[in-house]
Amino acid sequence: MPLPYHERTCYCAEVGEDHVGQTVLITGWVQNRRDHGGMVFIDVRDRTGLVQLKFNPDRDPRSHEIAGRLRAEYCVAVRGEVAARPEGLVNPNLASGAVEIEVHEIDILSESATPPFDIADDTEANEELRLKYRYLDLRRPVLQRSLITRHRIVRAIREHFDREGFIEIETPILTKSTPEGARDYLVPSRVHPGRFYALPQSPQIFKQLLMISGFDKYVQIARCFRDEDLRADRQPEFTQLDMEMSFVQAENVFDVIERCMAHVMKQIHGVDIPRPFPRVAFDRAMNEYGTDAPDTRYDMKLIDVSAAAKKSEFRVFADALAAGGVVRAMRVPGGATMTRKETDRLADDLRGIGAGGLPLVKVAQDDDSRIAFQTGVAKFFTPETTAEIAGATGAGEGDLLFFAAGAPADVCKHLSWLRTVVARKRDLIPKNEWHFLWIVDVPMFEWNADEKRWDSMHHPFTAPRDEDVPLLDSDPGRVLSQGYDLVLNGTELGSGSVRIHRADVQRKIFGLLNITPEQQQLRFGFLLDALRYGPPPHGGIALGLDRIMMLLTGLDSLRDTLSFPKTAKAQDLMTEAPSPVDEKQLRELALKSTAATEATPT
RNA sequence: GGGGCCGUAGCUCAAUUGGCUAGAGCAUCGGACUGUCGAUCCGAAGGUUGCGGGUUCGAAUCCCGUCGGCCUCGCCA
């Protein structure tokens with residue numbers, strides 16, 4: 001009689017001292033075999049953890065014989081009696097370590113080929129291999145925990161929004177291409193040869209239409225697609241916590257989201273997050289941190305030292321300032337201990353992202369215990385300028401100052417990169433702190449010099465601040481929007497805005513973005529039409545769920561938050577997608593490849 | 001599209017200035033072993049050095065190209 005594996009009594013890690021003397025039936029995979037010829041020990045794993053099986057040839061020769069045939073990752077069902085382990089043989093590393101199962105019956109449900117890598121958290125197999133065998137990688141406890149945590153986060157989010165009276169509504173995956181922003185993933189239509197659907201970059205327009213429909217509070221855990229180059233924190237398909245509300249201003253959105261994040265943090269980490277989150281003006285974030293997603297867990301703010309730098313003899317500073325640029329400094333507390341090798345390495349990496357070099361000084365004291373600069377560009381500063389810069393930056397003995405000179409945007413890019421890298425390297429980032437903040441007062445537009453037009457900073461449906469509406473005609477560059485970003489520990493979780501709910505303002509914005517009335521009608525005609533029928537004021541936000549996951553679980557890669565992720569070249573190494581297709585399929589879709597190398601189906 | 005790192009046994013890594021039969025640990029296979037928990041001990045098998053070309057008496061090593069992985073800048077409204 002085969003074991004009734006469908007009558008499992010408990011999970012592996014649940015077997016404990018309460019069960020001693022009871023018969024249990026467990027199922028799982030063979031983690032490890034320790035065969036003493038006589039006594040055999042097998043660890044069995046399921047998604048809860050491990051339990052040790054004991055096979056005694058004197059007690060049960062038949063099971064013992066099967067135990068000898070077991071290999072890693074065999075799938076088994078086991079029935080036996082739970083026994084307390086003898087004195088001194090308890091394994092404190094196992095949840096079930098106080099007990100073991102004396103096996104009476106065991107079935108091999110299926111055998112396993114030798115796995116290409118060890119199924120263990122500390123496996124050293126490289127990611128390429130693990131992605132190819134993702135189903136095995138997902139047996140590793142660390143990834144199982146990750147996906148289970150993801151489930152709990154999503155559940156907490158749904159709990160919150162349900163309690164708040166939000167309606168979860170699904171929006172189309174096959175939709176209309178609106179060639180703005182990111183590249184679309186296109187899907188050819190068979191029924192309409194030569195026409196294409198696009199996969200949504202976000203449900204943005206649909207959720208606005210739902211507001212016009214009167215749904216008032218919308219939420220969706222929405223899959224989104226963008227055909228752009230990838231990063232550790234970017235995948236071609238990703239999930240957004242997408243929400244929208246009617247009859248609200250930004251503060252209402254902040255309030256709902258802050259309480260949502262607080263609820264999630266409480267559920268996942270048991271911590272209370274202080275509310276309200278700080279509101280940081282875009283301008284201030286750029287000045288103090290050089291980025292619109294500042295990590296405020298540590299200091300090292302950027303300080304403008306243009307005035308003092310002007311008096312130095314250093315050509316790089318002089319040239320930058322003459323060209324209308326700025327000079328900023330960043331103080332690294334205790335940074336004077338950094339070696340030449342370390343700072344050279346930083347300079348090299350910095351050159352890799354477009355910087356000319358890395359001016360720096362180390363801070364010491366002279367004989368009169370006055371601040372003195374050493375090494376690097378120290379020789380270009382008089383004692384007076386030294387004192388001025390030291391005063392502005394708060395530099396003291398043992399510190400190090402990095403400088404950057406040039407156009408403000410470049411200086412911000414280089415110093416904020418440096419700030420993050422140095423903070424990480426020197427372990428200046430406090431652990432277990434959660435710094436949420438809102439970036440507000442974001443400019444409406446940025447000037448696109450190539451195309452000679454304004455671009456939306458957020459997206460073209462973002463409303464300008466009411467008081468700035470007159471500036472739309474006179475000075476668009478100074479218009480601030482009602483857009484906002486949510487930032488956690490230096491990562492942008494997402495952004496949103498109060499939307500334009502008037503067709504005339506929407507048309508004016510499209511005009512500034514150089515979208516002709518014809519193009520407006522072609523791309524967004526349905527939205528402009530809808531805005532004619534009594535649209536409510538509305539606003540919302542979309543947060544990257546995968547990034548939330550990454551930050552909350554301390555993972556370094558977005559891939560580890562997903563069940564079946566893609567590589568940096570957007571390939572799935574397991575399924576080998578994307579793949580060539582049959583000529584017949586292409587014909588049906590009225591498609592013909594122009595690819596230089598002929599891809600053939602495999 | 002640009003920059004950086006990487007690719008040697010199933011896995012993780014070695015291999016001196018270019019030089020002898022490309023080694024080790026783990027895994028695998030065989031044997032021994034009745035309290036292990038990374039079991040231990042003995043033995044065996046395991047290689048187109050990602051792929052293609054070049055330089056050389058001789059290439060894992062040097063050069064060119066290419067494929068793939070990771071990080072990153074651009075890009076991602």
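Chain identifiers are assigned alphabetically (A, B, ...) following the order of the sequence lines, protein sequences preceding nucleic acid strands; residue numbering begins at 1 within each chain.
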Is there a side-chain contact between [X] and the phosphate of [N], meaning an N or O under 4.0 Å from OP1 or OP2?
X: T114(A); N: U28(B); answer: no
X: K54(A); N: U36(B); answer: no
X: Q31(A); N: C37(B); answer: no
X: R231(A); N: C75(B); answer: no

Remember a base hit wins even if backbone is also touched, and classify [X] as base, sugar-phosphate or nothing at under 4.0 Å, heavy atoms.
X: R71(A); result: sugar-phosphate
X: E87(A); result: nothing
X: I353(A); result: sugar-phosphate
X: R559(A); result: sugar-phosphate
X: D35(A); result: base
X: D229(A); result: base
X: E127(A); result: sugar-phosphate

Within the sub-3.5 Å range, which N or O atoms of nucleotides 7-11 of chain B have a protein N or O partner, and how far apart are they?
residue	atom	partner	partner atom	Å
G10(B)	O2'	P116(A)	O	3.4
C11(B)	O4'	P116(A)	O	3.3

Can you tell me, in whole Å, how much space there is between the [atom1] of [N] and that of [M]?
N: C51(B); M: A60(B); atom1: C1'; result: 14 Å
N: A15(B); M: C76(B); atom1: P; result: 44 Å
N: U12(B); M: U72(B); atom1: C1'; result: 26 Å
N: G23(B); M: U61(B); atom1: C1'; result: 16 Å
N: U16(B); M: C6(B); atom1: P; result: 16 Å
N: C11(B); M: U48(B); atom1: P; result: 12 Å
N: C67(B); M: A27(B); atom1: C1'; result: 28 Å
N: A24(B); M: U17(B); atom1: P; result: 22 Å

Counting only Watson-Crick pairs (N1-N3 plus N6-O4 or O6-N4) and G-U wobbles (N1-O2, O6-N3), all under 3.5 Å, who is the partner of [N]?
N: G68(B); answer: C6(B)
N: A24(B); answer: U12(B)
N: G43(B); answer: C29(B)
N: U61(B); answer: none

Check the distance between [N]'s [atom2] and [X]'s [atom1] and give it to me in whole angstrom.
X: M574(A); N: G68(B); atom1: CE; atom2: P; answer: 19 Å
X: L346(A); N: U72(B); atom1: CG; atom2: P; answer: 16 Å
X: D292(A); N: C76(B); atom1: CG; atom2: P; answer: 14 Å
X: E446(A); N: G74(B); atom1: CD; atom2: C1'; answer: 14 Å
X: L136(A); N: A27(B); atom1: CG; atom2: P; answer: 17 Å
X: H414(A); N: G74(B); atom1: NE2; atom2: C1'; answer: 12 Å
X: H64(A); N: G35(B); atom1: NE2; atom2: P; answer: 12 Å
X: K132(A); N: C67(B); atom1: NZ; atom2: P; answer: 19 Å

Query - Candidate list H538(A), H459(A), Q506(A), test side-chain hydrogen bond (donor to acceptor under 3.5 Å, both in side chains), partner R499(A), passing option - result: H459(A)
Can you tell which of [options] lies closest to the side chain of [X]?
X: A232(A); options: U72(B), U34(B), U36(B); result: U72(B)
X: K569(A); options: G68(B), G35(B), C70(B); result: G68(B)
X: Q52(A); options: U36(B), C76(B), C70(B); result: U36(B)
X: R34(A); options: C76(B), C37(B), G74(B); result: C37(B)

Query raised in the report: Does anything in residues 196-209 of chain A pair up under salt bridge (charged side-chain N to carboxylate O under 4.0 Å, His left out), and if so which pairs, sequence neighbours excluded?
Result: K207(A)-D242(A), K207(A)-E244(A)
Report task. Would you list the pairs meeting salt bridge (charged side-chain N to carboxylate O under 4.0 Å, His left out) in which at least one residue belongs to residues 402-420 of chain A, sequence neighbours left out? Result -> none
Quiz item: [X] side-chain donor-acceptor pair to [N] base, under 3.5 Å:
X: R234(A); N: C76(B); answer: yes
X: D58(A); N: U34(B); answer: yes
X: E228(A); N: G74(B); answer: no
X: R85(A); N: C37(B); answer: yes

Under the rule for side chain to side chain contact (heavy atoms under 4.5 Å, CB included), what residues qualify as partners of [X], not counting sequence neighbours?
X: T48(A); answer: Y11(A), C12(A), A13(A), D46(A)
X: P61(A); answer: none
X: P408(A); answer: V326(A)
X: P236(A); answer: Y185(A), L230(A), K566(A), A570(A)

Report task. Can you run down the ring pair (Phe, Tyr, Trp, His ring centres under 6.0 Å) pairs that involve residues 403-427 of chain A, sequence neighbours left out, and say none if there aren't any? Result ->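 Output for this query lists F317(A)-F403(A), F381(A)-F403(A).
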Heteroatom pairs (N/O) under 3.5 angstrom, protein to nucleotides 47-49 of chain B:
none

Query raised in the report: Which residue, T567(A) or W417(A), contacts RNA chain B at a nucleotide closer to its 5' end, judged by nearest heavy atom?
Result: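 Per heavy-atom nearest nucleotide, the more 5' residue is T567(A).
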Query raised in the report: Closer to the 5' end of RNA chain B via nearest nucleotide, is it R345(A) or S202(A)?
Result: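 Upstream on the strand: R345(A).
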Requested in this report: For residues F461(A) and F524(A), establish whether the separation of their ring centroids is below 6.0 Å.
Outcome: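 Yes, ring centres under 6.0 Å apart.
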Query raised in the report: Between R547(A) and E492(A), is there a side-chain N and carboxylate O pair less than 4.0 Å apart?
Result: no
Query raised in the report: Would you call D348(A)-R345(A) a salt bridge at under 4.0 Å N-O?
Result: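 Between R345(A) and D348(A) there is no salt bridge, as every charged N stays at least 4.0 Å from the carboxylate O atoms.
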Query raised in the report: Between the main-chain N or O of M549(A) and the side-chain N or O of T553(A), is there a donor-acceptor pair closer than 3.5 Å?
Result: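 Confirmed, T553(A) side chain pairs with M549(A) backbone.
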Query raised in the report: Would you find a donor on one side and an acceptor on the other, under 3.5 Å apart, between the side chain of T491(A) and the backbone of L493(A)?
Result: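 The answer is no, because no donor-acceptor pair under 3.5 Å joins these two groups.
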